[in-house]
2 protein chains.
Amino acid sequence: MSARTPESARDIPEATVARLPVYLRALITLADEGTATCSSEELATAAGVNSAKLRKDLSYLGSYGTRGVGYDVEYLRYQIAREIGVTQDWPVVIVGIGNLGHALANYSGFRSRGFRVVALLDADPVRQAEVVAGIDVRSFDDLDRIVVEHGVSIGVIATPAVAAQDVADRMVAAGITSILNFAPGVLTVPEGVDVRKVDLSIELQILAYHEQRKATAGTEDAS
Amino acid sequence: MSARTPESARDIPEATVARLPVYLRALITLADEGTATCSSEELATAAGVNSAKLRKDLSYLGSYGTRGVGYDVEYLRYQIAREIGVTQDWPVVIVGIGNLGHALANYSGFRSRGFRVVALLDADPVRQAEVVAGIDVRSFDDLDRIVVEHGVSIGVIATPAVAAQDVADRMVAAGITSILNFAPGVLTVPEGVDVRKVDLSIELQILAYHEQRKATAGTEDAS
DNA sequence: CTCGTTTTGTTCTCCTGTTCACAAACTCCT
DNA sequence: AGGAGTTTGTGAACAGGAGAACAAAACGAG
Ligand SMILES: NC(=O)c1ccc[n+]([C@@H]2O[C@H](COP(=O)([O-])OP(=O)(O)OC[C@H]3O[C@@H](n4cnc5c(N)ncnc54)[C@H](O)[C@@H]3O)[C@@H](O)[C@H]2O)c1
Ligand SMILES: NC(=O)c1ccc[n+]([C@@H]2O[C@H](COP(=O)([O-])OP(=O)(O)OC[C@H]3O[C@@H](n4cnc5c(N)ncnc54)[C@H](O)[C@@H]3O)[C@@H](O)[C@H]2O)c1
């Protein structure tokens with residue numbers, strides 16, 4: 001309401017935002033291999049997309065390439081990281097330390113990609129006796145305190161589906177504004193809170209649909 | 001294979017395919033609650049989508065509703081399950097029984113949603129001594145035999161990123177034509193093989209981007 | 001049987017995202 | 001310096017999906 005975000009608030013299309021992390025990862029791989037410079041064609045191949053799409057995506061961030069040359073890997077990597085917001089770590093809490101929660105807590109890719117697990121929470125007192133990946137599992141009731149203490153704005157839900165909505169409500173009440181949900185089902189949250197869901201069954205069912213089509217494709221049109 | 005579905009070669013838009021599993025789950029929930037009939041409005045709410053979109057999606061499958069009344073929950077549920085191809089179970093193999101592989105193997109949602117884990121494979125001999133979720137972990141070299149034996153067409157990759165492409169190649173060679181990949185990075189597969197990826201870091205980075213925007217929205221214009 | 005009510009199935013419009021194609025900008029070689 | 005060869009950045013056409021709106025169909029009341 002105070003201002004009309006002068007120039008930096010370019011709005012990047014959602015589809016582009018979803019691909020920036022892919023480009024970032026490809027750039028990190030290239031940098032690790034010692035590549036100093038790359039063309040849009042090379043980067044696009046590494047990221048598994050069309051080069052025109054890649055260039056258009058990058059053009060939303062600014063003109064960070066050099067015509068006739070390509071992109072400086074380190075420079076572009078930094079620019080994308082800055083645009084995404086992962087130049088420093090985001091604190092994250094994980095709720096529901098069961099099968100999946102354990103795997104997530106042990107996942108090293110968290111730290112290396114701009115996130116830091118500051119707390120593991122579970123409603124089950126038995127779980128709270130555990131230490132997972134060097135972090136104490138604490139009571140779900142500690143949520144509010146932890147959120148304030150660490151300035152957490154991102155929460156991960158790995159509880160059974162039946163508890164997910166309640167956990168989400170508590171997270172929102174505590175001040176969390178972004179949720180990654182692994183439990184199946186639809187979460188309802190207030191305006192201004194972002195939810196992304198990861199649903200294994202849905203992914204498999206999409207594969208099954210296409211698989212079924214492949215199977216019937218030959219038998220289907222007998223003329 | 002004689003089930004020829006008179007007019008079934010309709011091609012359903014990809015966006016619709018991705019939502020059908022959501023509708024299916026919502027219908028199962030409604031059925032469990034004892035609901036016999038529902039309107040597009042109710043079902044749309046339960047699935048978290050717009051009712052016009054829901055109706056349009058369902059119209060690709062056929063006319064399974066009754067005007068003035070709504071949809072028969074059980075009937076529509078069956079029709080969607082049939083369209084997706086989950087009226088009977090698909091055999092699935094999981095490769096890479098580490099942190100994540102354990103969680104996946106123990107995931108009960110598999111069986112209840114049209115999939116059956118027929119084998120757990122790992123390259124590490126130490127892992128092969130284990131029994132996870134009542135299933136022996138076997139050598140990755142058994143892949144070909146298992147695929148043939150059970151008619152597997154869907155494979156899940158939960159190995160480290162560095163091994164993922166190799167595992168994918170072996171899967172394709174063995175006859176698998178749909179892959180769900182949890183390892184970060186881009187997989188290259190031949191034409192006709194479907195790959196879907198689930199990437200935790202990407203999801204979190206997308207949340208981080210929006211989170212950053214929320215944070216700077218108010219403070220941005222000091223120019 | 002007819003009318004009013006409800007709700008689907010579909011059409012039409014709008015918007016987002018993808019891809020093509022090319023001018024502009026840069027490098028290198030002579 | 002100038003020209004040939006590259007490669008970016010972007011305008012414009014195209015494709016696909018979202019949502020509003022409404023006619024067609026079913027049902028129930030009188
Ligand atoms: N395991 C998988 O591979 C997998 C895959 C896809 C989706 N999921 C989904 O992820 C979720 C977790 O799966 P899981 O296999 O880890 O289940 P799980 O039962 O092993 O673990 C759930 C954990 O959540 C805790 N919990 C329950 N209610 C809670 C609450 N109100 N507040 C805080 N903690 C609570 C439980 O104490 C338990 O430790 C489920 O919704 C499941 O459908 C799991
Ligand atoms: N743990 C998580 O929560 C999580 C989250 C997101 C993504 N991931 C990704 O999922 C993958 C697995 O993660 P994890 O934490 O389970 O790792 P992990 O190291 O615990 O397990 C990997 C397993 O794969 C096996 N393996 C290695 N090479 C193999 C090969 N060529 N063939 C067959 N098996 C092989 C190893 O023996 C090991 O058991 C990684 O790529 C990781 O980036 C994990």
Side-chain angles (χ1 to χ4, degrees), chain A residues 7 10-23 26-27 30 35-77 79-80 83 186 202 206 209-210, chain B residues 7-8 10-23 26-27 30 35-77 79-80 83 186 202 206 209-210 213:
Chain A
E7 162 89 28
R10 295 165 300 246
D11 52 316
I12 297 181
E14 197 51 39
T16 297
V17 171
R19 281 188 295 266
L20 290 179
V22 180
Y23 303 154
L27 285 166
L30 287 174
T35 310
T37 279
C38 69
S39 69
S40 64
E41 199 66 53
E42 292 171 275
L43 183 53
T45 303
V49 302
N50 182 301
S51 71
K53 183 151 61 179
L54 172 89
R55 287 200 300 276
K56 176 150 281 195
D57 283 342
L58 294 184
S59 77
Y60 290 113
L61 314 193
S63 282
Y64 296 136
T66 308
R67 296 175 189 218
V69 178
Y71 300 92
D72 182 285
V73 171
E74 273 303 332
Y75 182 61
L76 184 59
R77 169 186 170 174
Q79 292 300 336
I80 292 180
E83 192 71 39
V186 179
I202 288 181
I206 294 170
Y209 170 80
H210 292 296
Chain B
E7 167 116 18
S8 72
R10 295 165 299 247
D11 52 318
I12 298 181
E14 198 50 39
T16 297
V17 171
R19 282 188 294 267
L20 289 179
V22 180
Y23 303 154
L27 284 166
L30 287 174
T35 311
T37 279
C38 70
S39 69
S40 64
E41 199 67 54
E42 293 171 276
L43 183 52
T45 302
V49 301
N50 182 299
S51 72
K53 184 151 60 179
L54 172 89
R55 288 199 299 279
K56 188 185 280 196
D57 283 341
L58 294 184
S59 76
Y60 291 113
L61 315 192
S63 282
Y64 296 136
T66 307
R67 296 173 190 222
V69 178
Y71 301 92
D72 181 286
V73 171
E74 274 302 333
Y75 182 62
L76 184 58
R77 169 185 169 174
Q79 292 300 337
I80 292 180
E83 192 70 40
V186 179
I202 289 181
I206 294 170
Y209 170 81
H210 292 296
R213 296 216 104 201

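Naming convention: chains lettered A, B, ... in sequence-line order (proteins, then strands); numbering from 1 in each chain.
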Nucleotides bounding contact with chain A, strand DNA chain C, heavy-atom threshold 4.0 Å: C:dG17 to C:dT27
Ring pair (Phe, Tyr, Trp, His ring centres under 6.0 Å) assessment of B:Tyr75 paired with B:Tyr64: CA-CA 8 Å; B:Tyr75 182 62; B:Tyr64 296 136; 5.7 Å; yes
Five-pair end axes of the helix from C:dC1-D:dG30 to C:dT30-D:dA1 and the angle they enclose, rounded to 10°: 0°
B:Glu83 side chain near B:Ile12 side chain, heavy-atom distance below 4.5 Å: yes
Residue whose closest nucleotide on DNA chain C lies nearer the 5' end, B:Val69 versus A:Lys53: B:Val69
Min side-chain heavy-atom separation A:Leu43-A:Val73 under 4.5 Å: no
Smallest separation among heavy atoms of B:Pro21 and B:Ala18, with atom names: CD-O, 3.6 Å
Whole angstrom value for the distance that separates C1' of D:dA20 from CG of B:Leu54: 16 Å
A:Ala44: side chain to side chain contact (heavy atoms under 4.5 Å, CB included) partners, not counting sequence neighbours: A:Val49, A:Ser51, A:Leu54
Set of side chain to side chain contact (heavy atoms under 4.5 Å, CB included) partners for A:Val22, sequence neighbours left out: A:Ala47, B:Lys197, B:Ile202
Residues which pass side chain to side chain contact (heavy atoms under 4.5 Å, CB included) with A:Glu74, listed by chain and number, not counting sequence neighbours: A:Ala31, A:Asp72, A:Arg77
Sugar-phosphate only, base, or nothing, as touched by B:Glu14 at under 4.0 Å among non-hydrogen atoms: sugar-phosphate
Least distance between heavy atoms, B:Leu20 atom then B:Ile80 atom: O-CG2, 3.8 Å
Residues within residues 44-51 of chain B bordering DNA chain C, heavy-atom distance below 4.0 Å: none
side-chain hydrogen bond (donor to acceptor under 3.5 Å, both in side chains) partners for A:Thr16, two or more places apart: A:Asp57
Pairing residues for B:Ser39 by the side-chain hydrogen bond (donor to acceptor under 3.5 Å, both in side chains) criterion, not counting sequence neighbours: B:Glu42
Contacts of A:Arg55 that satisfy salt bridge (Lys or Arg N to Asp or Glu O under 4.0 Å) - sequence neighbours left out: none
All N/O contacts under 3.5 Å from nucleotides 10-13 of chain D to the protein, with atom names and distances to one decimal?
unit_1: D:dG11; atom_1: O6; unit_2: A:Lys56; atom_2: NZ; d: 3.4
unit_1: D:dA12; atom_1: N6; unit_2: A:Lys56; atom_2: NZ; d: 2.9

Distance test, side-chain N/O of A:Ser40 to OP1/OP2 of D:dT8, below 4.0 Å: yes
Nearest-Å distance for atom pair OH/P, residues A:Tyr64 and D:dG9: 11 Å
Side-chain heavy-atom pair B:Tyr71, B:Thr66 within 4.5 angstrom cut-off: no
Validation row: A:Val69, A:Thr37 side chains within 4.5 angstrom (heavy atoms): yes
Whole angstrom value for the distance that separates P of D:dC27 from OH of B:Tyr71: 15 Å
